[in-house]
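This chain uses plain numbering: 1 for the first residue, then up along the sequence.
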Amino acid sequence: EKIKQISEGHFKSKTFEILFEPNKKHDMRNSLDRVCKEAAKAIRENGVNLIILTDHGVSAEKAAIPSLLAVAGLHHFLIREGLRTRAGIVLESGEPREVAHFALLCGYGANAINPYLAFETIADLTQQGLIPEIKEYKDAKKKYIKSIGKGLFKVFSKMGIS
């Protein structure tokens, strides 16, 4: 939320929904094209340098564009437009849960990831006492973030990226 609200100093963010109507023909592609064009416009005209892609708002009428497709699509669109170095891509999604998900998203252009559904699941598990060795959500969240970080370090070190 702090990143979404940031607009001081050198940082300015804008949030884009990566949702589409599955019952409309070609709406996934059209929605992704719209997000890419609006993000480029926000960078050029408004000095936005943090693009936040979110899948909040999924419903019976709206589905999420797969996060890997959305991140990669925007990343390559901004490269073609000569704008990629002017903005970071932040993903807020319910999809990423495992190290492999985070590694792929980073590899395809995400600079930061908020796995909100994973955090909500951890909160629910700790509240119900289903993680016996961890009593507090804060501790469980910290361990999750640490494990994802260690996993990413392992993946990247195997690739020669460290």
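Within the 4.5 Å cutoff, no side-chain heavy atoms of Glu61 are placed close to those of Glu21.
Across Phe77 and Cys36, no two heavy atoms sit closer than the pair CE2-O, 3.3 Å. Across all non-hydrogen atoms, the minimal contact from Lys135 to Pro132 is NZ-O, 3.1 Å. When all heavy atoms are compared, the tightest approach of Pro96 to Ala118 is O-CB, 4.1 Å. Closest of all the heavy-atom pairs between Ala64 and Phe20 is O-CE2, 3.6 Å. For the pair Ala123 and Tyr137, the tightest heavy-atom approach, listed with the atom from each and the gap, is CA-CD1, 3.3 Å.
With a 4.5 Å cut-off between side-chain heavy atoms of Ile, Leu, Val, Met, Phe, Trp and Tyr, the cluster of Leu19 takes in Val58. The other members of the hydrophobic cluster of Leu117, by chain and number, are Tyr116 (side-chain heavy atoms under 4.5 Å, ILVMFWY only).
If you check the side chains of Glu17 and Thr54, you find no donor sitting under 3.5 Å from an acceptor.
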Pair Asp55, Ile65 - check side-chain contact (heavy atoms from CB on, under 4.5 Å), show working.
CA-CA 8 Å; Asp55 65 10; Ile65 297 171; over 6 Å; no
List, one per line, each side-chain donor-acceptor pair under 3.5 Å for residues 83-91, sequence neighbours excluded.
unit_1 : atom_1 : unit_2 : atom_2 : d
Arg84  : NE     : His75  : ND1    : 2.8
Arg84  : NH1    : Ala87  : O      : 2.4
Arg84  : NH2    : Gly109 : O      : 2.7
Arg84  : NH2    : Asn111 : OD1    : 3.0
Arg86  : NH2    : Ile43  : O      : 3.4

For residues 139-155, which side-chain N or O atoms pair as donor and acceptor with protein atoms under 3.5 Å away, sequence neighbours left out?
unit_1 : atom_1 : unit_2 : atom_2 : d
Tyr144 : OH     : Arg97  : O      : 2.8
Ser147 : OG     : Lys143 : O      : 3.4
Ser147 : OG     : Tyr144 : O      : 2.8

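Each salt bridge (charged side-chain N to carboxylate O under 4.0 Å, His left out) pair with one or both residues in residues 34-45, not counting sequence neighbours, appears once here: Arg34-Glu38, Arg44-Glu81.
Here the side chain of Asn49 pairs no donor or acceptor atom with the backbone of Ser13 at under 3.5 angstrom.
The side-chain contact (heavy atoms from CB on, under 4.5 Å) check on Leu125 picks up Thr121, Leu130, Ile131, with sequence neighbours excluded.
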